[in-house]
Amino acid sequence: MGIDLRIITFRDIFQYEAGKKSRFSPEFQNLSAQIIMDKDDMVQLGLKDGQNVCLENEMSKIVVKAIQTDDEPHPGLAFMTNSPWSNQLVKDNINDRIIPDFKAILVQASASNESVTNLAELLERLRH
Amino acid sequence: MAVCTGCSLLCEDIEVALKTGAIEKAKNLCRKGQGHFQALFSDRTVPSVEGGETSLDQAIEKAANILMNAKDPLLYGWSNSSLEAQKVGIELAKKLEAKIDDTSSFCQGQLLERVLKGELPSCTLDDVRNFADVSVFWGADPSNSHPRHLSRFSYYPRGSKRQKGYEEERNCVVIDVRKSSTAKLCSDYFRIPPGGDAEFAEAIIAILDGKMPRFGDKKRMIGLASIFKKADFGAIFPGLGLVYSLVQKMEIFENLVARLNDVSNYKVVPMVGHYNMRGFNELMLDETGYINQISFKNGVHHGSENSVTMAAKSSDACLVVGSDPLSALPFVIARSLAKSQLVVIDPRRSLTTDAAKVVIPSAMSGLESGGKAVRMDGVRISFEPIFESNLLSDEEILTRIMEAI
Amino acid sequence: MVSAMEIYQLLPQAACKECGYVSCMALAVALLSREKKLEDCPSLFDPKYADKLNKLKELLAPLEQASETGLIIHDEKCFGCANCVVACPVNVANDPTGSAIGLGPKSDKVILVIENGVVRCLNPNECRRFGPNRILCNACTATCPSKAIEFV
Ligand code: SF4
Ligand code: SF4
Ligand code: SF4
């Protein structure tokens, strides 16, 4: 069973720093391949903090780590940094708007036993 | 003193003690700036063609070749290069009759254009520090994106008219969809639903017009409007949250700023991210009358078809300077770029350099090469290299490509 | 934050009184307030407690750096934003042309500075939470976006 989520991208200084040091580092992957979710949404999916969640839409499918928010409840909303991971899911039907929907990424989320999608896999997808 | 080119605050008070091949101690750099400086020592690029290491001369020759033979080349990046390099880049675009665009296209371009054309009132960050008693971060989280913004200019420092502490003399308002790091620090945080920016702005306008707001908690909204009215000098810092939400409704924001200026004095400083994005936009405006998205094919044409997000799919060759669009742009656009004849000038390895046909290593701007740049508020800042390096600057590389064409 | 209970659980719990206290819990409290050191518990240095000793060292490491004012810095959380540097009233008073106006400190009489991307405490004795006329200043913790400064 899955739920619908709207993902909004945000900036995180630690993720940025990791990406500056190396785009190919495990730190950058760890801090990018995660999604900050509402507690109730996680309960609905049977997810505990740090477990893997699959995010899927017509653009792509990725597996990332679910992190429970420390903010007030925001059911249906989730947050990811801008990275090659979140960008997998961003639609390109930009037409006149030019600006892709970085802050309105609609996905189906479900619990996942698969491992987190790694950078090598994303690079592979870029080549095909 | 060194200048940090880690973000568009271009902090000028950086002190660095060097030892061979490392930084012994850096003072006043924030974590983001520290990461930027440390980037000198990891993942540096080498000249390469088709994935194989070559000489610099061969890489430059191959780059010139690809660009010369392209039917519809796109020149993209620019916001991490000095003004000097950007100027050569624009000349190169003219010579190639190419499309040219920068990150502002999907970043602060819409607002910055209005500021540069004088349609939105703006001021310097030094004015903010000296005079502002209200700072508004709207869809922006400087603590993460411009870490020293609050401490250097917008909230905590003393200024000529703001001699007392921030608690007594300044209000900091954050309007955002999430309780960001900055929201946790500010005096007044307003949570809005995604896309609620227009209604929020309209509600404030309604209150200023003496009507009841139809959005949010009425009492708090009226309270905010009265903070706005009482201010001597207010500064609004719109971030990507506001830009993306108001894409085609920017006039609502303009109306709000105009109304606020009827009751007091309000300025807008867009939260430009990269250190010299504004510089590129200023140069382009002088040169073409537009800040970005230009094609020089048979004259000067402006339009969204020349934006990186559109042109990436149509162009057969692309020159990327100091940017990693394969990380930062949606996958489908990144894939088109990866499949084009991609030439990259970058000091560091990235997803984009890894996919490129030609990689030309450059000196890190601000660290290994000097130049000038324009801070987010329009102040020009010069910087000198602090490390010795044999690497060519973006400007020198672009000049050599020009000569080869 | 570390609790006395966490410390207690890693102590030998033998109530040998060699530290001068009647119970290990009392020592745990004293360790937390930095009145005693791990070396004050000789039994702990028995090889069979090696694991616990290591864990205790880890647990107490941040406390050890605590200056006499009880100020602890968590480097790994710090943004290096200098909000604390600029807001600290002692920095403002002693450094009117540097940290007071948002720039890097120009005086060596400041308490807080930014080095290598994170905050550092230079002159803890100047802190207003210290000395006979101490006050409960919290300018540095109140302006911190990430709880990187803490008082214990
Ligand atoms: S705020 Fe920006 S310019 Fe200033 S030190 Fe940090 S990254 Fe560098
Ligand atoms: S407690 Fe007050 S005086 Fe002491 S370091 Fe923090 S801000 Fe400065
Ligand atoms: S301790 Fe907090 S306020 Fe001070 S520099 Fe670090 S993150 Fe900023």
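Chain naming here is simple, since letters A, B, ... match the order of the sequence lines and numbering starts at 1 in each.
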Portion of [X] that has a non-hydrogen atom of chain B nearer than 4.5 angstrom:
| X | answer |
| --- | --- |
| C:C84 | neither |
| C:D75 | backbone |
| C:V119 | neither |
| C:P96 | neither |

Does the [X] side chain pair with the main chain of [Y], one donor and one acceptor, at a distance under 3.5 Å?
| X | Y | value |
| --- | --- | --- |
| B:R170 | B:A132 | yes |
| B:S143 | C:P145 | no |
| B:H146 | B:V272 | yes |

Heavy-atom pairs under 4.5 Å with chain B: which of [options] has the most?
| options | value |
| --- | --- |
| C:V113, C:V118, C:T143, C:V85 | C:T143 |
| C:G98, C:A87, C:A100 | C:A100 |
| C:S99, C:G104, C:A139, C:S146 | C:G104 |
| C:N116, C:I101, C:V92 | C:N116 |

Between [X] and chain C, with a heavy-atom cut-off of 4.5 Å, which part of the residue counts as in contact: side chain, backbone, both or neither?
| X | result |
| --- | --- |
| B:R129 | side chain |
| B:N28 | both |
| B:Q163 | neither |
| B:Y166 | side chain |

Presence of salt bridge, [Y] and [X], under 4.0 angstrom:
| X | Y | answer |
| --- | --- | --- |
| B:D141 | B:K184 | no |
| B:D133 | B:R162 | yes |
| B:R375 | B:D377 | yes |

At a heavy-atom distance under 4.5 Å, which candidate from [options] has the highest pair count against chain C?
| options | answer |
| --- | --- |
| B:A26, B:S181, B:P147 | B:A26 |
| B:R158, B:Q38, B:R152 | B:R158 |
| B:F153, B:Y156, B:Y155 | B:Y156 |

Inset, instruction - Assess the pair B:H149 and B:F237: is the distance between their ring centroids shorter than 6.0 Å? - result: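 So the answer is yes for these two rings.
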
Inset, instruction - Describe, in one word, how the ring planes of B:F233 and B:F131 are oriented to each other, choosing from parallel (under 30°), tilted (30 to 60°) and perpendicular (over 60°). - result: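 The rings of B:F233 and B:F131 sit tilted, inter-plane angle from 30° to 60°.
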
Inset, instruction - Evaluate salt bridge (charged side-chain N to carboxylate O under 4.0 Å, His left out) for B:E368 paired with B:R44, printing each intermediate quantity in order. - result: CA-CA 13 Å; B:E368 294 166 324; B:R44 298 299 300 256; 2.8 Å; yes

Legend entry - Stepwise salt bridge (charged side-chain N to carboxylate O under 4.0 Å, His left out) check, B:K27 with C:E115: CA-CA 5 Å; B:K27 286 191 190 168; C:E115 269 179 27; 5.2 Å; no

